[in-house]
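Notes to accompany the following structure.
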Amino acid sequence: MSPFWIMIATLALAVLGYLLGRSRSIRLAGGDTRALHSRPGYHGWNVALFTALPALLLLAGARLFHAPGWVAPAALVLALAGLGLSLSRTTPQFRARNSVERVIRGVLVVCALIAIATTLAIVLSLVFESARFFQMYPWQDFFFGTEWTPSFGGGSKLGMLPLLWGTLYISLIALLVAVPIGLYAAIYMSDYASPRVRSVVKPAIEVLAGIPTIVYGLFALVTVGPLLRDWIAQPLGLGSGGSSVMTAGVVMGMMLIPFVSSLSDDIINAVPQSLRDGSLAMGSTHSETIRQVVLPAALPGIVGAILLAASRAIGETMIVVLGAGAMAKISPNPFEAMTTITVKIVGQLTGDNDFASPETLVAFALGLTLFVMTLGLNILALYIVRKYREQYE
Amino acid sequence: MDDVRLAERAVDTDARDIKFQCRDVQVWYGEKHAIKDVSVDLLDKTVTAFIGPSGCGKSTFLRCLNRMNDTIGIARVEGQMLLDGENIYDRRVDPVQLRARVGMVFQKPNPFPKSIYDNVAYGPRIHGLARNRAELDEIVEKALRGAALWNEVKDRLHETGTGLSGGQQQRLCIARAVATAPEVLLMDEPCSALDPIATAQVEELIDELRATFSVVIVTHSMQQAARVSQKTAFFHLGNLVEYGDTDDIFTRPRDPRTESYISGRIG
Amino acid sequence: MDDVRLAERAVDTDARDIKFQCRDVQVWYGEKHAIKDVSVDLLDKTVTAFIGPSGCGKSTFLRCLNRMNDTIGIARVEGQMLLDGENIYDRRVDPVQLRARVGMVFQKPNPFPKSIYDNVAYGPRIHGLARNRAELDEIVEKALRGAALWNEVKDRLHETGTGLSGGQQQRLCIARAVATAPEVLLMDEPCSALDPIATAQVEELIDELRATFSVVIVTHSMQQAARVSQKTAFFHLGNLVEYGDTDDIFTRPRDPRTESYISGRIG
Amino acid sequence: MTDATTPRPHPASPAAPVRRSLLIEDARTKRRNAAERRFRAYGVVAIGLAIAALVFLLFTIFRDGSSAFFQTYARIPVAIEAQVVDPAGNRDPAEMQKVLTMGYGKLLDNALAAYVEENGIQIEGLSERDLSTFFSAQGRADLRNAVLADPALVGTVIEAPVMTSSRVDGMFKGRVSRDSAARDAKTSVAQYELAMAMEKQGDLQTRFNWDFVTSTDSSDNRPEAAGLGVAILGSLYMMLIVLVLSLPIGVAASIYLEEFAPKNRLTDAIEVNISNLAAVPSIVFGILGLAVFVNFVGLPRSAPIVGGLVLTLLTLPTIIISTRAALKAVPPSIRDAALGVGASRMQTMFHHVLPLAMPGILTGTILGLAHALGETAPLLLIGMVAFVTTYPSAPPEGFLDPASALPVQVYNWTQRADPAFFERASGAIIVLLAFLLAMNLLAIYLRRKFERRW
Amino acid sequence: ARDQIQVAGSSTVLPYATIVAEAFAENMDFTAPVVEGGGTGAGLKQFCAGVGENTIDVANASRKIKDAELAECRANGVNNIMEVQFGYDGIVFASSIDGPDFALTPQDVYRALAAQVVVDGKLVPNTAATWADVNPALPAQEITAYVPGTKHGTREVFEEKVMAAGCEASGAHEALVGLTDEDKADEACVAMRTDGRSVDIDGDYTETLARIGSNPGGLGVFGLSFYENNTDKLKVATINGVAPSVETVASGEYPVSRPLFFYVKKDHIGTIPGLKEYAEFFVTDAIAGSGGPLAEYGLVPDPELANVQQVVSAETVLGAN
Ligand SMILES: Nc1ncnc2c1ncn2[C@@H]1O[C@H](COP(=O)(O)OP(=O)(O)OP(=O)(O)O)[C@@H](O)[C@H]1O
Ligand SMILES: Nc1ncnc2c1ncn2[C@@H]1O[C@H](COP(=O)(O)OP(=O)(O)OP(=O)(O)O)[C@@H](O)[C@H]1O
Ligand SMILES: [Mg+2]
Ligand SMILES: [Mg+2]
């Protein structure tokens with residue numbers, strides 16, 4: 001039997017276990033479920049969980065560690081054992097609810113740990129190659145170098161500061177576009193718009209998040225870039241390139257609008273009406289109510305939404321490649337081409353460079369650095385939220 | 001939006017003392033007819049008590065008086081409500097300005113999740129009632145004193161208002177409403193969570209306010225109604241059954257329903 | 001975790017009638033010492049009234065009795081509280097089971113945003129109190145009748161509970177608590193938003209419940225305390241100032257603070 | 001916006017209040033109302049901008065992409081000449097297989113030449129090359145398959161629709177004009193005129209192209225035959241995996257962190273860490289997926305299961321962040337109420353808090369899935385940015401078969417030289433958006449159901 | 001077991017590989033190979049990750065495998081690697097079809113795009129603004145060049161065959177050696193301007209094309225095959241008077257070209273069905289020869305294809321001789 005069918009069989013056993021556990025508890029209670037400590041359903045779940053969980057864990061483990069072939073069928077035995085054991089434990093006094101809830105809680109913990117595990121795995125998968133990079137390339141030059149000129153023959157300059165500058169600059173512009181528009185859109189949807197308008201507009205704006213970034217990239221390249229160049233950059237004498245930080249930032253901002261608007265809208269909508277009533281009854285206008293009562297109460301969620309948008313901005317590649325160009329440069333002029341860390345990570349990883357050379361390995365170092373930096377940013381954000389949070393009720 | 005400046009029209013002399021003139025007011029919540037055909041004149045510089053069994057429509061009617069019902073999607077109001085002779089449901093009336101003049105204390109305390117100080121200072125700030133910080137401090141203190149809360153919170157003005165006890169929250173909401181200095185103050189069971197002493201202080205406040213403003217108070221306590229109000233309106237199943245001088249209502253009710261409600265006095 | 005079977009152990013004979021035995025209970029909200037050194041025995045099959053000025057700690061103490069304070073992050077409880085001789089703050093005690101036995105009606109009505117029926121049926125459902133739909137219907141009806149709400153809502157059982165008037169919401173919360181059939185019922189100002197008639201009906205309900213359960217009621221109305229309770233505890237600034245038979249407290253208070261609080265009787 | 005300007009006398013001062021009309025706005029109210037109108041206008045403008053951006057993007061996508069759903073076919077008689085397809089002459093399938101697809105081009109060239117002659121079409125400068133590039137290379141492959149499947153066809157004349165090449169196809173979609181044909185090395189004016197002449201005869205037809213949605217990708221030589229079948233299946237499989245894994249895991253993790261975890265440094269660390277994961281560039285998830293799922297666990301490259309797992313990890317932070325925000329927003333009094341009747345924390349959570357938080361959770365899911373559906377970078381490293389021409393089988397085995405994905409197809413096609421692929425890429429974006437919409441409709445519907453204010 | 005061949009690597013080779021894979025699946029009884037792009041480096045990295053089913057069988061490369069990579073391969077147990085050079089890729093300069101004609105030499109390109117030039121024996125930043133500034137024979141058009149980014153193999157070829165050659169031919173190299181040393185001079189020869197005249201393109205040729213579309217004054221670097229597919233939009237520049245075409249590149253007249261490779265993991269032959277057949281099929285005359293579909297697409301066939309076929313059928317591995 002293939003592991004897949006063993007899995008199906010285990011699940012079938014679990015369903016059976018649910019039915020058996022449930023009916024047994026009812027029978028033991030003499031049909032009066034009030035005599036039970038826990039509802040019959042919990043007894044059923046208890047049996048089902050004890051049947052399925054250990055067996056499935058064993059199966060997963062066997063897959064992960066390439067265990068010998070007899071291990072998989074053993075899972076079935078384990079499932080049967082779990083079924084029998086938990087069924088025999090089913091008595092009216094048995095605290096099935098607590099038992100089930102303990103298991104659920106365990107599952108919740110495991111799920112929360114997946115995030116940690118992901119982080120660990122990311123750090124691990126970056127750290128070794130980064131170490132190799134730093135063996136080949138001095139870290140001072142990497143962290144403090146202001147020139148980014150990789151070349152095939154070696155002798156590349158791989159300073160990350162220009163990339164960092166570009167990352168921050170582009171993200172900033174993107175947020176300057178997305179946050180006001182998104183926030184105002186959220187406010188309008190939750191507090192002004194009729195339910196009908198809202199029910200149309202909100203999903204519509206969410207489509208913006210679903211358009212593949214390459215479309216935005218082309219949009220930046222073909223439409224926004226020349227537009228900004230011809231109408232703003234050239235008249236002001238700020239440059240004549242179609243790709244610029246501004247182009248990428250503006251287009252990225254468009255893409256991020258739904259991240260800010262939809263999440264904020266939900267959070268703003270969740271602020272109790274009684275708070276709004278309280279403020280309105282003081283003779284404040286709708287906008288005063290929103291600015292001074294609703295928004296502060298919704299702050300943690302809004303900051304979360306903005307962080308999410310910022311995160312997407314930092315992680316975005318396609319729009320930057322097409323919109324901002326690939327030039328690593330530090331310049332205050334937003335109408336010049338620059339590029340970001342993420343773009344270079346993707347670029348160096350998918351290029352034609354020698355894969356064991358610093359030019360490729362620098363991608364890992366960049367990834368790790370970015371990781372640490374955003375970590376700092378997030379800690380700051382958490383601190384701010386803690387400080388200004390207004391908990392209602 | 002059009003600036004219509006109607007209104008400098010002469011106010012009828014006979015209505016001079018009438019603050020609110022309500023005619024045939026109807027309120028529906030969706031299908032439910034919550035207020036039926038209520039006509040009543042609320043006088044200036046007077047405390048009016050609304051009494052009646054729970055669910056009879058007191059809060060609903062109260063909320064009509066400063067158009068707070070606007071915020072309930074399914075609520076629909078019909079009829080005329082004139083404040084100083086002007087229909088507050090007129091299309092041209094700005095509910096914001098209305099609510100600045102007609103303040104409200106809600107049945108369920110709803111302090112803002114801000115500091116106690118900011119809760120009270122909120123109204124004065126948006127209406128620009130204070131020229132400077134000192135004045136604002138003064139307004140806040142006065143309002144908190146009026147609501148009999150000052151002593152309890154003076155040391156923790158900058159802690160959050162939601163961390164107060166139920167009764168404290170209620171008094172905070174009263175202070176908040178008073179600080180805005182409205183012309184009419186609507187109070188929905190302002191003393192329900194208050195102990196006798198605090199209640200007495202709030203009643204004293206109401207009495208003070210009466211000198212300049214008109215106050216409408218919803219209460220379940222006949223004693224309180226009798227103590228603080230000059231006029232009483234008795235609601236029953238959405239109808240205004242009886243309205244008159246408080247003394248008359250409590251001593252000589254005309255309607256048998258009023259009679260039986262009052263005589264079931266327990267309070 | 002291990003099955004701790006609350007209480008099949010022999011109960012001391014002298015404590016037989018004591019439902020809750022509290023010793024040196026202290027509660028802090030962060031820095032604020034909200035309950036100081038309170039020791040009190042709450043009797044079985046008895047109505048105990050908690051009275052005292054607003055903000056004195058009545059709700060806080062009440063919330064300790066079924067460990068609802070667990071949900072307030074900054075609240076810290078010390079001391080012993082024995083329910084039928086077992087410490088409810090014991091690590092092994094399941095607060096869920098405790099709360100099923102010690103029900104609560106909160107000071108601010110907080111119906112679930114579900115239908116009225118579901119609000120009341122929720123407790124019986126999770127505790128498996130009904131074998132079938134008919135039984136559940138019966139429990140719901142009985143609870144709503146007990147809380148004097150049945151007549152008003154029987155036609156709209158499936159409308160949402162948050163669309164009720166303040167007093168109706170309060171009664172809904174009472175019905176919800178009663179439907180779970182707890183051994184001890186904690187009621188935080190259950191009648192604050194109720195009219196006299198509804199109040200009388202709830203008081204009647206409390207009296208009925210007393211036959212089987214013990215009830216703790218927080219109230220600001222001395223009359224109510226006098227009417228429904230056998231025992232009264234007077235709190236002041238976090239201290240339990242006096243505890244004794246209701247009659248004694250109201251007629252012969254020993255502590256001057258009690259005396260002055262009661263004599264400031266208003267109502 | 002707050003303190004000061006024209007203060008109204010505080011009524012504490014005994015001066016009687018001035019009676020003001022409701023219908024006249026005082027100066028301050030006027031200002032405040034102006035601010036209100038501005039605020040509201042900002043909202044309208046914001047929404048307007050967002051919608052305008054959307055409309056514009058959609059407009060360009062549809063403008064460029066809708067033609068991908070149409071394809072021009074020719075219907076001419078093709079003689080299956082024995083000396084071309086069966087040089088050995090013994091009708092032995094094994095022998096016949098030796099003739100490669102390229103060889104079958106001759107049949108089509110001859111057929112077209114015959115057609116031109118028969119219909120008396122006179123075009124100056126019509127070269128052999130114009131004839132041989134008139135039809136899609138797919139036509140030869142189809143022909144070869146037909147002949148190998150049924151050797152009896154050899155020697156007969158068949159008449160089946162033959163796909164035209166991308167340039168000829170482009171002539172009927174406005175992509176190739178007479179002028180551009182003159183400059184274009186891959187076509188010529190003569191070919192253009194031939195196509196026009198054939199259309200006049202009614203032998204060229206442009207019709208709806210289901211193959212674009214169903215058939216597999218094709219090489220750079222035949223853009224006209226490229227389809228999305230594999231990509232759609234791949235995306236579908238991956239999204240199934242993402243949905244089944246990331247929603248429950250994300251919600252479970254949020255519940256734990258928000259409701260059960262003790263509030264301490266560790267949970268703070270987890271919280272920060274999760275928002276940080278959202279900022280990790282998506283390609284890093286690809287690095288991770290390669291290291292863990294392919295190299296460590298040993299799952300196959302290019303398989304939807306690996307893609308699905310990587311995208312799950314990618315969407316988790318989005319879902320967790322929005323779910324936590326939504327859970328936080330549920331008023332504590334609801335929890336108190338449930339706990340107060342003896343519900344366990346778990347029951348409180350699942351019966352009351354979670355339903356109320358549902359809109360936020362669904363929003364997170366929508367955004368997360370949209371992100372996952374449109375993502376290419378992480379798939380680069382696990383082998384899904386690939387040219388795959390065999391359909392994956394049905395799940396569960398299909399999860400392990402090689403497949404590509406819709407954004408990958410878009411990405412691939414935009415990189416190819418033939419301009420016809422650009423049209424295909426835009427068409428693929430339309431399909432992707434339709435896919436997204438279908439995926440979101442349910443979520444949006446559910447969200448509307450759960451929405452309420454308390 | 002896996003029944004399809006897995007191929008990854010250079011995106012320049014990708015179109016050729018897909019054409020072959022498609023034809024292979026059509027004409028042989030094997031499952032269609034899965035072909036990935038991802039860049040030469042990434043492809044070789046996966047190729048060198050080890051032997052076994054979850055590593056790839058064939059790596060496409062637009063350059064020869066480097067020694068460091070080979071060492072890594074060996075370290076991971078990938079010892080038997082067949083190197084197959086199947087043709088050449090021409091690299092061309094092209095501008096918008098509507099613009100003027102360009103007849104370039106490497107010197108012109110060097111003078112236009114080098115970061116610093118030698119003027120009067122001194123190294124000064126390049127200030128040339130129009131092509132006419134560089135060479136009066138060229139049109140007086142603003143210099144804007146779209147050059148593949150440093151991740152592209154094309155860039156290496158460009159630097160070597162155009163910039164360095166131009167540097168040498170114009171005598172700048174000599175002057176540079178005089179100013180600094182040999183190594184520095186080599187470096188300075190290929191350093192490109194960063195003032196926006198030379199724009200790095202990290203994307204693909206389609207991006208370069210789009211940029212020329214939005215800035216018609218620009219000159220872009222393309223692969224020959226890409227240009228041939230877009231002659232209606234692009235106008236190609238001659239180098240040293242030679243126009244690029246399959247013929248001129250094959251004959252060596254056109255100077256800018258590079259060989260294309262794929263590497264086969266010999267240890268997989270026999271375990272992965274069709275691997276050997278795929279390699280052989282790739283280099284048959286019908287496919288990679290002139291007139292075959294690859295040439296049709298723009299590949300410059302290897303004049304010594306017969307030798308290559310020989311190498312493949314003999315399964316000759318790297319370092320065997
Ligand atoms: N969550 C909290 N955080 C901080 N302080 C609190 C909190 N809840 C209550 N307090 C404070 O603890 C004290 C006791 O509050 P409690 O709610 O027990 O009063 P109470 O006797 O119920 O008053 P009331 O009759 O007004 O409801 C008050 O001073 C109050 O401000
Ligand atoms: N938002 C609402 N949606 C639907 N019905 C409502 C709503 N608010 C109130 N009602 C109904 O309207 C009627 C009047 O309610 P109202 O709140 O005015 O009563 P009340 O007199 O204030 O009672 P209480 O003394 O209990 O506060 C009640 O039957 C109530 O159920
Ligand atoms: Mg009310
Ligand atoms: Mg209280």
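Chain letters run A, B, ... following the sequence lines, proteins first and then strands; every chain starts at 1. Atom set for the values below is all heavy atoms of this structure, side chains included, hydrogens, waters and symmetry mates excluded.
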- Message: Report which part of A:Thr350 has an atom under 4.5 Å of a heavy atom belonging to chain D: side chain, backbone, both, or neither.
- Response: side chain
- Message: One pair to check against side-chain contact (heavy atoms from CB on, under 4.5 Å): A:Val215 and D:Val410. What are the steps and the verdict?
- Response: CA-CA 9 Å; A:Val215 178; D:Val410 175; 5.5 Å; no
- Message: Is D:Ile249 close to chain A through its backbone or its side chain, or both, or neither, when contacts mean heavy atoms under 4.5 Å?
- Response: both
- So which of A:Ile290, A:Asn378, A:Ile181 has the largest heavy-atom pair count under 4.5 angstrom toward chain D? A:Asn378
- Query: Is atom OH of D:Tyr445 surrounded by more than 12 heavy atoms (other residues, nucleotides or ligands) closer than 6.0 Å?
  - Reply: no
- What part of A:Thr223 lies closer than 4.5 angstrom to a heavy atom of chain D: side chain, backbone, both or neither? side chain
- Pick one of side chain, backbone, both or neither for A:Arg97, based on which atoms fall under 4.5 Å of a heavy atom in chain D. side chain
- Considering only heavy atoms and a distance below 4.5 Å, find which of D:Ser344, D:Ser282, D:Gly374, D:Gly286 pairs most often with chain A. D:Ser344
- Selection from A:Ala121, A:Ser199, A:Ser311 maximising heavy-atom pairs under 4.5 Å formed with chain D: A:Ser311
- Query: Hey, what do you get for CZ (D:Arg32) to OG (A:Ser287), rounding to the nearest 0.5 Å?
  - Reply: 8.5 Å
- Cut-off 4.5 Å, heavy atoms of chain D, and the answer for A:Phe219 is side chain
- Query: Can you find a heavy atom in the side chain of D:Thr363 that is under 4.5 Å from one in the side chain of A:Asp265?
  - Reply: no
- Starting at CG of A:Leu108, measure out to CE of D:Met346 and round the result to the nearest 0.5 Å. 5.5 Å
- For D:Thr414, is it the side chain, the backbone, both, or neither that has a heavy atom closer than 4.5 Å to a heavy atom of chain A? side chain
- Task: Pick one of side chain, backbone, both or neither for D:Phe422, based on which atoms fall under 4.5 Å of a heavy atom in chain A.
- Result: side chain
- Given that the side chain runs from C-beta out, which part of D:Val45 has a heavy atom under 4.5 Å from chain A: side chain, backbone, both or neither? neither
- Task: Examine whether an atom of A:Leu370 lies under 4.5 Å from a heavy atom of chain D, and if so say whether it belongs to the side chain, the backbone or both; otherwise answer neither.
- Result: side chain
- Whatever's closer than 4.5 Å to a heavy atom in chain D on A:Tyr383 counts as neither
- Note on the structure: Okay, A:Leu382 and chain D: the region with an atom under 4.5 Å from a heavy atom over there is side chain
- Item | Region of D:Leu369 that comes under 4.5 Å of a non-hydrogen atom in chain A | neither
- Message: Is D:Leu437 in contact with chain A via its backbone, its side chain, both, or neither, using a 4.5 Å heavy-atom distance?
- Response: side chain
- Item | Structural part of D:Leu381 lying under 4.5 Å from a heavy atom of chain A | side chain
- Query: D:Ala269, D:Ala325, D:Ala261, D:Pro281: which one forms the most heavy-atom pairs within less than 4.5 Å of chain A?
  - Reply: D:Pro281
- Item | Spatial distance of atom CZ (A:Phe259) from atom NE2 (D:His371) [nearest 0.5 Å] | 6.5 Å
- Message: Let's test your reading of the structure: which of A:Ile314, A:Ile214, A:Asn98 forms the most heavy-atom pairs below 4.5 Å with chain D?
- Response: A:Ile214
- Query: Considering only heavy atoms from C-beta outward, does the side chain of D:Arg345 approach that of A:Arg105 to under 4.5 Å?
  - Reply: yes
- Query: Using non-hydrogen atoms only, which part of D:Val292 is less than 4.5 Å away from chain A: side chain, backbone, both, or neither?
  - Reply: side chain
- Item | Winner by heavy-atom pair count (cut-off under 4.5 Å) against chain D, out of A:Thr342, A:Leu126, A:Leu263, A:Leu218 | A:Leu263
- Item | Residue pair A:Val346, D:Leu380: steps toward the side-chain contact (heavy atoms from CB on, under 4.5 Å) verdict | CA-CA 9 Å; A:Val346 178; D:Leu380 266 174; 4.3 Å; yes
- Query: Quick one: what part of D:Phe296 sits under 4.5 Å from any heavy atom of chain A, side chain, backbone, both or neither?
  - Reply: both
- Message: Heavy-atom pairs under 4.5 Å with chain D - which of A:Val109, A:Ile302, A:Val100 has more of them than the others?
- Response: A:Val109
- Message: Using heavy-atom distances under 4.5 Å, tell me whether D:Glu397 contacts chain A through its side chain, its backbone, both, or neither.
- Response: neither
- Query: Between D:Ala46, D:Ala443, D:Ala370, D:Pro407, which shows the greatest number of heavy-atom pairs under 4.5 Å with chain A?
  - Reply: D:Ala46
- Message: So, taking the atom named CZ in A:Arg312 and the one named CG in D:Leu367, what distance separates them when rounded to the nearest 0.5 Å?
- Response: 9.0 Å
Can you give me every donor-acceptor pair (side chain of residues 205-212 of chain A, partner residue at least two apart or in another chain, under 3.5 Å) with its distance?
{"unit_1": "A:Glu206", "atom_1": "OE1", "unit_2": "D:Arg447", "atom_2": "NH2", "d": "3.3"}
{"unit_1": "A:Glu206", "atom_1": "OE2", "unit_2": "A:Ser262", "atom_2": "OG", "d": "2.7"}
{"unit_1": "A:Glu206", "atom_1": "OE2", "unit_2": "D:Arg447", "atom_2": "NH1", "d": "2.8"}
{"unit_1": "A:Glu206", "atom_1": "OE2", "unit_2": "D:Arg447", "atom_2": "NH2", "d": "3.4"}

- For the residue pair D:Val280 and A:Thr119, establish whether any side-chain heavy-atom pair is separated by less than 4.5 Å. no
- Write down the atom of D:Ala279, the atom of A:Thr374, and the distance for their closest heavy-atom approach. CB-CG2, 3.7 Å
- Could you check which of D:Ile270, D:Val251, D:Ile255 has the highest count of heavy-atom pairs closer than 4.5 Å to chain A? D:Ile270
- Item | Pick from A:Ile257, A:Thr213, A:Ile379, A:Leu124 with the largest number of heavy-atom pairs that fall under 4.5 Å of chain D | A:Ile379
- Task: Heavy atoms only, distances under 4.5 angstrom: which of D:Leu436, D:Asn273, D:Leu432 has the most pairs with chain A? Name it, please.
- Result: D:Asn273
- Portion of A:Leu113 that has a non-hydrogen atom of chain D nearer than 4.5 angstrom: neither
- Tell me, do D:Leu57 and A:Met254 make a side-chain contact under 4.5 Å, heavy atoms counted? yes
- Note on the structure: One should read off an interatomic distance between D:Leu288 CG and A:Ile122 CD1, to the nearest 0.5 angstrom, of 5.5 Å
- Beyond-backbone contact of D:Ile287 with A:Leu349, side-chain heavy atoms, under 4.5 angstrom: yes
- Item | Proximal component of D:Ala291, with respect to chain A [non-hydrogen, under 4.5 Å] | side chain
- Below 4.5 Å, heavy atoms only, C-beta onward: do D:Phe285 and A:Thr118 meet side chain to side chain? yes
- How close do D:Gly360 and A:Asp266 get, heavy atom to heavy atom, and via which atoms? CA-OD2, 3.5 Å
- Query: Does any heavy atom of chain A fall under 4.5 Å from the side chain of D:Arg40, the backbone, both, or neither of them?
  - Reply: both
- Message: Could you check whether any side-chain heavy atom of D:Leu313 comes within less than 4.5 Å of a side-chain heavy atom of A:Ile114, counting everything from C-beta outward?
- Response: yes
- Task: Hey, can you tell me if A:Tyr184 and D:Phe39 have their rings parallel, tilted or perpendicular (30° and 60° cut-offs)?
- Result: perpendicular
- Message: Any non-hydrogen side-chain atom of A:Glu101 less than 4.5 Å from a side-chain atom of D:Gln347?
- Response: yes
- Taking all non-hydrogen atoms of both residues, which atom of D:Tyr256 and which atom of A:Ala112 are closest, and how far apart? CD2-CB, 3.8 Å
- Distance (rounded to the nearest 0.5 Å) between A:His286 NE2 and D:Asn33 CG: 13.0 Å
